[in-house]
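Every number for a ligand or one of its atoms is a count from 1 in the order of the listing. Note that the structure is a prediction, hence the values are computed from the model and not measured. The first residue in the sequence is number 1, and the count goes up from there.
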Amino acid sequence: LLSQIGALREGHILKQKMRIAGEHVGSDRIIEVCNPYTGKLIGTVPKASVPDIQNAFRIAKNFKSPLTRYDRYKIMMRTAELLRANADAISDLITAEAGLCKKDTLYEVGRACDVFLFAGNQALVDDGQVFSCDLTPHGKQRKVYTMKEPLLGAISAITPFNHPLNQVAHKVAPSIATNNRMVLKPTEKTPFSALLLADILYEAGLPPEMFSVVTGDPREIADEMLTNDDIDLVTFTGGVPIGKYIAAKAVYKRQVLELGGNDPIIVMEDADLDEASSLAVSGSYKNSGQRCTAIKRMIVHEQVADRFVELLVEKTRAIKYGDPTDPANDMGTVIDERAACYFENKVNEAVARGAKLLYGNKRQGALYSPTVLDHVPEDCSLVAEETFGPVSPVIRCKDIADAIRISNSTPYGLSSSVCTNRLDYITRFVRELQVGSVNMREVPGYRLELTPFGGIKDSGLGYKEGVLEAMKSFCNTKTYSLPW
Ligand code: NAD
């Protein structure tokens with residue numbers, strides 16, 4: 001696949017097959033994938049049948065990895081090197097399938113390298129524990145030890161469109177680090193980056209049985225990805241409705257669900273407004289606003305809201321958007337025209353409810369402009385629900401209690417950003433915001449690929465991702481005790 005990316009610009013069509021334990025498996029039935037910017041067909045992937053999925057999981061479950069910690073470390077370091085060496089071509093592929101601009105997709109390849117770097121290093125760490133047993137009056141001369149083992153069954157992974165490479169890296173790298181075997185289904189909207197990553201992992205020396213990529217129509221194969229007997233764990237990143245469907249369907253499987261968000265930036269009256277407005281712009285428009293942790297609401301103290309909004313509009317005007325392949329652009333398209341129309345309608349609805357449109361709300365196919373609104377009523381659907389696009393809705397608040405109340409008022413609880421220097425405010429926000437992360441004077445999406453990340457309420461069950469936490473959830477902890 002890597003060698004074909006260059007020809008995409010000349011109109012070459014990628015006719016890809018699945019990677020089932022390294023075998024290229026096709027089908028008579030295919031899914032067409034179009035470039036969101038040009039609307040042109042860029043390639044096809046097979047529609048898997050249920051027996052294809054069953055076969056993939058059977059192979060995965062039956063394979064016992066012979067890899068030592070050092071082997072796994074080497075494979076992941078090599079993967080990171082291959083990704084870095086081919087960063088430009090890989091970013092072209094993501095740009096072609098997702099419509100994300102080159103700045104965003106180059107950044108994404110860099111993040112995926114970090115994931116493998118951290119997972120490779122973490123594979124070297126034995127986190128077993130030792131407990132002496134003579135700690136109480138009825139103690140004994142023994143010790144209890146813990147060790148982590150890979151799951152007996154396979155891991156089923158399902159990923160969304162917004163980071164077609166990095167979301168896949170965040171599933172497979174911890175799986176390799178813990179010697180597990182995974183079958184992954186990328187979204188049918190952006191399936192090529194996952195297939196490419198499988199090729200790179202095989203080239204880096206991964207036994208192919210440890211990672212398969214299947215493609216298809218979720219209406220036909222999703223249930224098999226959730227209920228197959230050979231699966232021990234389902235790890236899913238995507239929206240709340242499908243996440244809740246999985247929670248109900250994948251009965252007695254371990255579940256890691258990373259779902260949607262409605263993250264705020266909160267700007268208090270003492271904030272540095274230049275810094276706050278820069279964070280607001282980058283948090284709102286990076287990746288075309290399609291990040292689970294994108295800034296989806298701006299809750300601004302009324303004393304500074306006028307000036308903040310002025311700066312926000314000025315910095316939004318400076319965002320260059322258009323052709324995703326133009327390296328000078330800051331933003332490409334959103335995932336498809338349907339999504340762009342959806343944002344347009346939501347913005348129009350907010351305006352009908354009294355919000356003031358200050359910039360944007362222009363659409364051309366899947367290209368949707370950065371958009372700023374002020375005086376947005378806190379209960380209109382633009383801000384009460386997740387708007388997964390480049391929209392900056394400002395909600396004015398009176399004081400810290402009001403800011404916390406508005407922030408906590410939606411069903412989501414992923415991350416947040418707070419701009420203030422007051423320690424009394426900071427401690428209160430950290431304690432009272434009902435979210436998985438609070439970033440002071442940083443965007444909600446700020447993290448290392450290593451650090452714990454994930455939401456509460458409708459954003460997730462509280463199990464975190466990030467390389468380290470994912471490795472924990474992908475293992476069984478065995479204890480054994482010895483006379484000592
Ligand atoms: P989506 O929920 O529509 O689809 C995600 C995946 O689920 C796709 O692979 C899809 O094919 C699959 N799917 C469809 N029907 C299914 C079913 N019945 N059972 C199992 N899987 C099924 O999400 P999307 O539109 O691709 O991505 C956007 C959403 O993802 C947003 O809500 C965003 O906030 C969320 N997201 C969350 C995180 C996080 O870490 N919390 C990260 C990125 C994106």
Within the 4.0 Å heavy-atom shell around [X], which atoms of ligand 1 are there?
X      : result
Asn162 : 43 (C), 44 (C)
Thr159 : 6 (C), 8 (C), 9 (O)
Thr187 : 8 (C), 9 (O)
Ile158 : 6 (C), 7 (O), 9 (O), 12 (C), 20 (C), 21 (N)
Phe453 : 40 (O)
Gly261 : 34 (O)
Glu188 : 10 (C), 11 (O)

Under 3.5 Å, is there a donor-acceptor pair between the [X] and [Y] side chains?
X      : Y      : value
Ser193 : Glu97  : yes
Lys148 : Thr178 : no
Tyr321 : Asp326 : no
Ser415 : Tyr446 : no

Presence of salt bridge, [Y] and [X], under 4.0 angstrom:
X      : Y      : answer
Glu337 : Arg363 : yes
Glu386 : Lys346 : no
Asp217 : Arg219 : yes

Q) Out of Ile155, Leu201, Leu184, which residue meets the side-chain contact (heavy atoms from CB on, under 4.5 Å) rule with Val172? A) Leu201
Q: Show the numbers, then the answer: is there a side chain to side chain donor-acceptor pair (under 3.5 Å) between Thr316 and Tyr285?
A: CA-CA 9 Å; Thr316 301; Tyr285 309 135; 2.9 Å; yes
Going by the closest heavy atom to [atom], which one wins out of [options]?
atom                    : options                        : answer
atom 30 (O) of ligand 1 : Gly238, Cys292, Ser156         : Gly238
atom 23 (O) of ligand 1 : Pro186, Ala294, Gly239, Pro241 : Gly239
atom 19 (N) of ligand 1 : Ala222, Pro160, Gly216         : Ala222
atom 33 (C) of ligand 1 : Phe388, Phe236, Phe161         : Phe388

Where's the contact between [X] and ligand 1, heavy-atom distance under 4.0 Å: side chain, backbone, both or neither?
X      : result
Ile335 : neither
Gln290 : neither
Glu386 : side chain
Thr293 : neither

**Q.** Check: Arg291 N/O within less than 3.5 Å of ligand 1 N/O
**A.** no
Q: Examine Leu414 against ligand 1 and note whether any of their N/O atoms are separated by less than 3.5 Å.
A: no
Q.
Taking the six-membered ring of Phe453 as reference, does the cationic atom of Arg447 (NZ for Lys, CZ for Arg) lie under 6.0 Å from its centre and within 45° of its axis?
A. yes
Q: Please test Ser278 against Lys315 for side chain to side chain donor-acceptor pair (under 3.5 Å), starting from the C-alpha separation and ending with a verdict.
A: CA-CA 7 Å; Ser278 293; Lys315 291 177 186 182; 2.9 Å; yes
Among all protein heavy atoms in this structure, tell me which lies nearest to [atom], with the distance rounded to 0.1 Å.
atom                    : result
atom 22 (C) of ligand 1 : Ile242 CG2, 3.5 Å
atom 10 (C) of ligand 1 : Lys185 NZ, 3.8 Å
atom 41 (N) of ligand 1 : Leu259 O, 2.6 Å

Q. With a 4.0 Å cut-off on heavy atoms, does Gln167 reach ligand 1?
A. yes
Q) Going through the distances and angles, do Asn476 and Arg254 end up as a side chain to side chain donor-acceptor pair (under 3.5 Å)? A) CA-CA 11 Å; Asn476 290 328; Arg254 201 176 298 172; 2.6 Å; yes
Q: Run the numbers on Thr95 and Thr105 for side chain to side chain donor-acceptor pair (under 3.5 Å), then give the verdict.
A: CA-CA 6 Å; Thr95 290; Thr105 57; 2.9 Å; yes
